[in-house]
Trainee: 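My questions all concern the structure below.
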Amino acid sequence: SMAAAGAMAPASAQIRGFSPTKALWQSRRDVQAKIDTMSWMGLHVYDPAWNAISTQPAGKDTVKANTLYSASFKECTLKIYGTEQTLTIPVQICTRVGDVRRAIAARAMVAPDALTFV
């Protein structure tokens with residue numbers, strides 16, 4: 001019926017408006033922006049391709065060269081104690097607190113031990 005077809009139009013138009021290619025490229029731009037920010041902060045960016053080379057054959061056995069790490073991103077919000085000021089930076093799941101401490105210390109030109117994380 002025409003009424004049913006009219007009710008379906010917005011949903012089908014919405015589906016037609018979604019482009020997997022646009023979503024893929026937007027996702028890549030978002031990841032690159034996070035990588036750029038991490039690099040600017042002095043944080044090491046882990047490349048997930050390194051997981052593929054983390055094992056090396058040794059005779060008939062495979063020796064694990066390192067641990068598999070997650071390269072997914074999260075937003076890390078740091079609050080300056082006693083204030084309402086915050087700093088939000090992208091980090092990877094495998095980023096350690098010590099990495100963030102050293103990066104912030106380098107930017108603030110203080111010794112990493114001068115910063116306390118709670």
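Reckoned from all heavy atoms, side chains included, excluding hydrogens, waters and symmetry mates.
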Trainee: Start with the C-alpha distance between Val100 and Leu78, add both sets of side-chain angles, then the distance that settles side chain to side chain contact (heavy atoms under 4.5 Å, CB included), and finish with yes or no.
Mentor: CA-CA 10 Å; Val100 174; Leu78 305 169; 4.0 Å; yes
Trainee: Check for me, please, whether Met38 and Ile93 land in the same ILVMFWY cluster - side-chain distances under 4.5 Å, paths through other members count.
Mentor: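 In one cluster with Met38: Ile93, no.
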Trainee: What distance do Phe73 atom CZ and Thr37 atom OG1 have between them, rounded to the nearest 0.5 Å?
Mentor: 9.5 Å
Trainee: Can Arg29 and Gln26 be counted as having a side-chain donor-acceptor contact under 3.5 angstrom?
Mentor: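 Per modelled atom types, Arg29 and Gln26 side chains form a pair under 3.5 Å.
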Trainee: Are Leu87 and Val97 grouped together when hydrophobic residues (ILVMFWY) are joined by side-chain heavy atoms under 4.5 angstrom apart?
Mentor: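 Hydrophobic grouping puts Leu87 with Val97.
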Trainee: Show the nearest heavy-atom pair for residues Ala105 and Leu115, with the distance to one decimal.
Mentor: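 Closest heavy-atom pair between Ala105 and Leu115: N-CD1, 3.7 Å.
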Trainee: Side chains of Gln92 and Lys34, heavy atoms from C-beta outward: is any pair under 4.5 Å?
Mentor: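 Gln92 vs Lys34: side chains apart.
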Trainee: Over all heavy atoms of both residues, which pair between Pro90 and Leu43 is shortest? Give the atoms and the distance, please.
Mentor: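 Residues Pro90 and Leu43, closest heavy atoms: O-CD1, 4.2 Å.
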Trainee: Give a yes or no answer on whether the side chain of Ser27 reaches the backbone of Ala23 with a donor-acceptor pair at less than 3.5 Å.
Mentor: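 Flag not set: sc Ser27 to bb Ala23 has no pair under 3.5 Å.
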Trainee: Rounded to the nearest 0.5 Å, how far apart are CD of Gln32 and CH2 of Trp25?
Mentor: 11.0 Å
Trainee: For the atom pair NZ (Lys79) and OG1 (Thr88), what is the distance rounded to the nearest 0.5 Å?
Mentor: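 The distance works out to 12.5 Å.
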Trainee: Taking Ser39 for the side chain and Asp36 for the main chain, is one N or O donor matched with an acceptor at less than 3.5 Å?
Mentor: no
Trainee: Check this for me: Tyr81, atom OH, are more than 12 non-hydrogen atoms of other residues, nucleotides or ligands nearer than 6.0 Å?
Mentor: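 No - once you tally the heavy atoms of other residues, nucleotides and ligands closer than 6.0 Å, there are 12 at most.
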Trainee: Quick one: does any side-chain atom of Arg101 pair with a main-chain N or O of Arg96 as donor and acceptor, under 3.5 Å?
Mentor: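 No, Arg101 side chain to Arg96 backbone: no donor-acceptor pair under 3.5 Å.
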